[in-house]
*Asks:* 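One structure follows; several queries about it will come next.
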Amino acid sequence: MVVNREGPILVEGPVEVVGDDGTTTRSDRFVVAICTCRRSRTYPWCDTSHRRRKPAGPSESRPDDRQPQEGEEDPRS
């Protein structure tokens, strides 16, 4: 198992995950990325939603003072 503070938990498969409601989800892949941010549309599996950033606030302004647009990749990440 590999735990990344900014991303998912990587687990060697096959993997079986039991959710809060008792449902069981299984993956037979050789490595599985388990979502830890709960933003994934395919939860409990990671869909890289953790990479999306919130719009920059006053303390995180860009050098050109432009706010990132929805879906735009922030070059600082």
Side-chain angles (χ1 to χ4, degrees):
M1 179 178 353
V2 177
V3 179
N4 180 347
R5 183 172 23 164
E6 299 296 323
I9 296 173
L10 301 177
V11 181
E12 290 184 25
V15 174
E16 194 171 277
V17 175
V18 179
D20 294 340
D21 61 357
T23 59
T24 301
T25 309
R26 182 174 171 78
S27 175
D28 292 322
R29 299 187 73 166
F30 66 95
V31 174
V32 178
I34 299 175
C35 177
T36 58
C37 71
R38 292 188 163 257
R39 292 182 217 156
S40 175
R41 292 184 183 159
T42 59
Y43 188 82
W45 316 124
C46 177
D47 68 359
T48 68
S49 293
H50 60 273
R51 292 181 183 169
R52 281 186 255 144
R53 296 178 55 109
K54 296 177 185 174
S59 63
E60 278 191 64
S61 63
R62 295 171 140 202
D64 59 3
D65 291 326
R66 191 172 63 85
Q67 296 294 318
Q69 301 300 310
E70 175 114 9
E72 180 181 35
E73 191 71 30
D74 189 335
R76 297 176 296 171
S77 47

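Computed from heavy atoms alone, side chains included, the values below leave out hydrogens, waters and symmetry copies.
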*Asks:* Quick check: do Ile34 and Pro8 have side-chain heavy atoms less than 4.5 Å from each other?
*Replies:* no
*Asks:* Might you confirm whether atom CG of Asp21 has over 12 heavy atoms from other residues, nucleotides or ligands at distances under 6.0 Å?
*Replies:* yes
*Asks:* Would you say Thr42's side chain and Trp45's backbone share a donor-acceptor pair under 3.5 angstrom?
*Replies:* yes
*Asks:* To the nearest 0.5 Å, what is the distance between CZ (Arg51) and SG (Cys46)?
*Replies:* 7.5 Å
*Asks:* Flag yes if Val11 and Val3 sit in one hydrophobic cluster, no otherwise; membership is Ile, Leu, Val, Met, Phe, Trp, Tyr, and two members link when side-chain heavy atoms are under 4.5 Å apart.
*Replies:* yes
*Asks:* Got more than 12 heavy atoms from elsewhere within 6.0 Å of CD, Glu16?
*Replies:* yes
*Asks:* Do Ile9 and Val32 share a hydrophobic cluster (ILVMFWY, side-chain heavy atoms under 4.5 Å, transitive)?
*Replies:* yes
*Asks:* Within the supplied structure, the quantity of interest is the number of heavy atoms (other residues, nucleotides, ligands) at a distance under 6.0 Å from Arg26 CZ; does it exceed 12?
*Replies:* yes
*Asks:* Decide whether Val15 and Val18 are clustered together by the hydrophobic rule: side chain heavy atoms of Ile, Leu, Val, Met, Phe, Trp, Tyr closer than 4.5 Å, transitively.
*Replies:* no
*Asks:* Going from OG1 on Thr48 to CZ on Arg39, what distance comes out if it is rounded to the nearest 0.5 angstrom?
*Replies:* 11.0 Å
